[in-house]
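Down below is the structure, laid out as structure tokens.
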Amino acid sequence: MNGAEPLVATRNFGSSLIPTAAKKLAVWLVAFGLAIALSSAQARAATTAGTVISNTATLSFDIAGMRHTVFSNTASLIIAETLDVSVDTDAPSGPVPEREECAVGFVVANHGSGTETFDLTAQAEGPGASVVHIAGDTDGSRVYNAAIDKPLANSQLTLASGASAHVFAVVGGDCAKAGSVRLRALARTGSGVPGTVFPGQGDGGGDAIVGKTGADKNGTVTGTKLRLLAKSVEPSLTKSQSVETSDGSDTASAGAIVTYRLVAAFPRTTADVEIEDPIPAGTAYVPGSLTLDGATLSDAGDDDPGRADDSSILVGLGEVAPGTRTIVFKVRIL
């Protein structure tokens with residue numbers, strides 16, 4: 001060959017010249033794309049219960065050079081409604097103002113495929129306590145407010161498919177003595193063994209089918225949480241402090257001003273309330289710094305409820321309605 005480059009004969013076989021690895025990659029990419037497409041289709045939301053699915057076929061043919069089309073009868077069906085529900089416990093939701101009661105929170109969720117109404121029942125197990133009523137969380141605060149969260153009519157809750165709602169079992173009597181509080185949610189359309197069919201009882205006139213939960217679930221809050229909840233019926237007092245110096249820092253040094261903030265919480269009407277706080281050793285009260293709910297109180301023992309000197313501050317509130325009262329005063333570090 002006289003040192004010349006060797007000749008290589010080639011023939012055009014189209015894709016047969018593509019290396020084997022490349023062909024495998026191409027096949028894999030096509031398969032992967034199909035898998036993604038199928039996965040996306042499966043991930044779409046399920047057809048809503050009560051939806052009517054109709055289908056009509058056509059037959060086309062030629063007669064004497066003319067094209068004709070005839071239609072089949074229309075086949076229709078109604079998507080059945082599945083019946084499923086869950087009940088989860090929520091953190092105890094607080095005392096009921098003005099009463100020796102507590103409100104226990106639950107979350108009810110409709111896992112069925114259609115809109116469903118659930119019958120709710122609640123029971124307090126243990127002596128000295130009973131469920132007064134079941135209330136809805138009207139304002140979505142997840143904290144019971146008797147003025148806003150009214151009892152559910154007939155203790156029924158209607159939820160769209162996939163929706164959930166927070167409700168309260170309002171317990172009367174001594175919450176601390178209730179061993180537990182249980183809330184039950186039962187689908188009105190039907191419940192029982194999964195797979196049970198209720199013909200024509202679903203959304204849109206279709207069938208209703210009991211799902212895996214049996215359309216009947218319970219949630220239970222135990223006695224430990226109820227005892228903590230009952231304890232919260234008593235008034236509480238929370239104290240916080242902040243420090244400010246002339247240079248704007250928060251270092252507790254001589255001459256710095258310490259601001260004390262007292263927040264008293266009253267779950268129900270409470271009589272003969274007094275709040276007293278001694279002035280700490282090594283500090284002196286800052287005259288004129290005593291306030292109640294943002295309003296300045298005089299330091300002298302006069303007609304307003306406050307009194308303050310270098311020994312202590314005292315605020316006499318008398319009878320207090322449910323809610324919170326805030327007292328603020330200042331001292332200077334000596």
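Remember, it's a predicted structure, so these values are computed and weren't measured experimentally.
- There is a side-chain donor-acceptor pair under 3.5 Å between Ser312 and Arg307.
- If you check the side chains of Asn218 and Arg182, you find a donor sitting under 3.5 Å from an acceptor.
- Shortest non-hydrogen contact noted between Leu152 and Val167 is CD1-CG1, 4.1 Å.
- Rounding to the nearest 0.5 angstrom, the gap separating the CD atom in Glu276 from the OG atom in Ser311 is 8.0 Å.
- Looking at Asp250, its side chain never comes within 3.5 Å of a backbone N or O of Val243 through a donor-acceptor pair.
- Within the model, atoms NZ of Lys330 and CD1 of Ile257 stand 7.5 Å from one another, a figure rounded to the nearest 0.5 Å.
- A 6.0 Å sphere centred on CD of Gln156 holds more than 12 heavy atoms belonging to other residues, nucleotides or ligands.
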**OP:** For Thr220 and Val181, run side chain to side chain contact (heavy atoms under 4.5 Å, CB included): C-alpha distance rounded to whole Å, both residues' side-chain angles, the deciding distance at 0.1 Å, then the answer.
**Re:** CA-CA 6 Å; Thr220 303; Val181 175; over 6 Å; no
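- The two residues Ala208 and Gln201 have their closest heavy-atom pair at CB-C, 4.1 Å.
- The closest side-chain heavy-atom distance from Ile78 to Thr51 is not below 4.5 Å.
- The closest side-chain heavy-atom distance from Thr158 to Thr115 is below 4.5 Å.
- Figure legend: cation-pi geometry between Lys239 and Tyr260, with NZ or CZ positioned under 6.0 Å from the six-membered ring centre and within 45° of its axis.
- A salt bridge links Asp293 and Arg325; the closest N-O separation between the charged side-chain nitrogens and carboxylate oxygens is under 4.0 Å.
- Using a 4.5 Å heavy-atom cutoff, the side chains of Ser60 and His68 are not in contact.
- Nearest heavy-atom pair, Gly214 versus Pro194, reported as atom, atom and distance to 0.1 Å: N-CG, 4.5 Å.
- The same ILVMFWY cluster, assembled from side-chain heavy atoms under 4.5 Å apart, contains both Ile279 and Leu290.
- The cluster map of Ile, Leu, Val, Met, Phe, Trp and Tyr, joined by side-chain heavy atoms under 4.5 Å apart, puts Ile275 and Val331 in the same cluster.
- A donor-acceptor pair is defined here as one N or O able to donate and one able to accept, closer than 3.5 Å; such a pair exists between the side chain of Asp304 and the backbone of Ser298.
- Note that the CG atom of Leu262 and the OG1 atom of Thr326 stand 9.0 Å from one another [nearest 0.5 Å].
- Listed for the Ser54 side chain is no donor-acceptor partner under 3.5 Å among the backbone atoms of Ser76.
- Counting only heavy atoms from C-beta outward, the side chains of Ile53 and Leu77 approach each other to under 4.5 Å.
- Within the 4.5 Å cutoff, side-chain heavy atoms of Val70 are placed close to those of Phe61.
- Distance check: Thr251 OG1 to Glu244 CD gives 12.0 Å after rounding to the nearest 0.5 Å.
- Looking only at side-chain heavy atoms (C-beta outward), Gln123 and Arg184 stay at 4.5 Å or farther from each other.
- If you chain together hydrophobic residues whose side chains sit under 4.5 Å apart, Val107 and Leu159 never meet in one group.
- With hydrogens and angles ignored, the 3.5 Å screen pairs no side-chain donor or acceptor of Asp309 with any backbone N or O of Ile313.
- Between Phe168 and Val104 there is no side-chain heavy-atom pair separated by less than 4.5 Å.
- A donor-acceptor contact closer than 3.5 angstrom links the side chains of Thr189 and Glu116.
- Under the 4.5 Å side-chain heavy-atom criterion for ILVMFWY residues, no single connected hydrophobic cluster contains both Leu157 and Leu186.
- Taking every heavy atom of both residues into account, Leu120 and Ala185 meet most closely at CD2-CB, 3.7 Å.
- The list of side chain to side chain donor-acceptor pair (under 3.5 Å) pairs with a residue in residues 203-214, not counting sequence neighbours, reads Asp84-Thr213.
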**OP:** May I have the step-by-step check of side chain to side chain donor-acceptor pair (under 3.5 Å) for Thr58 and Thr69, ending in yes or no?
**Re:** CA-CA 7 Å; Thr58 59; Thr69 299; over 6 Å; no
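- Remark: Arg261 CZ to Ser240 OG distance equals 6.0 Å, nearest 0.5 Å.
- Taking a 6.0 Å sphere around CG of Asp310, one finds it holds more than 12 heavy atoms contributed by other residues, nucleotides or ligands.
- Side-chain contact annotation: Ser113 with Thr82, donor-acceptor N/O pair under 3.5 Å present.
- Nearest heavy-atom pair, Thr296 versus Gly288, reported as atom, atom and distance to 0.1 Å: CG2-O, 4.1 Å.
- Between Thr245 and Ser253 there is a side-chain heavy-atom pair separated by less than 4.5 Å.
- A single hydrophobic cluster is not seen to contain both Ile327 and Leu314; linkage of ILVMFWY side chains at heavy-atom distances under 4.5 Å, directly or through other members, places them apart.
- Remark: side-chain polar atoms of Asp149 are paired, donor with acceptor, to backbone N or O of Thr138 under 3.5 angstrom.
- With hydrogens and angles disregarded, no donor-acceptor distance shorter than 3.5 Å links the side chain of Tyr285 to the backbone of Phe329.
- Side-chain atoms of Ser72 come within 3.5 Å of backbone N or O of Ala57 as a donor-acceptor pair.
- A donor-acceptor contact shorter than 3.5 Å links the side chain of Asn110 to the backbone of Ala160.
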**OP:** Please step through side chain to side chain contact (heavy atoms under 4.5 Å, CB included) for the pair Leu237 and Val263, ending with a clear verdict.
**Re:** CA-CA 6 Å; Leu237 183 62; Val263 178; over 6 Å; no
**OP:** Apply side chain to side chain contact (heavy atoms under 4.5 Å, CB included) to Leu297 and Val315, showing your working.
**Re:** CA-CA 9 Å; Leu297 300 179; Val315 178; 4.2 Å; yes
Original post:
So Thr196 and Leu83, side chain to side chain contact (heavy atoms under 4.5 Å, CB included) or not? Walk me through it.
Top reply: CA-CA 10 Å; Thr196 301; Leu83 304 170; over 6 Å; no
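- To the nearest 0.5 angstrom, Ser191 atom OG is 10.5 Å from Phe118 atom CZ.
- Among all heavy-atom pairs drawn from Glu274 and Gly316, the shortest one is CG-CA, 4.1 Å.
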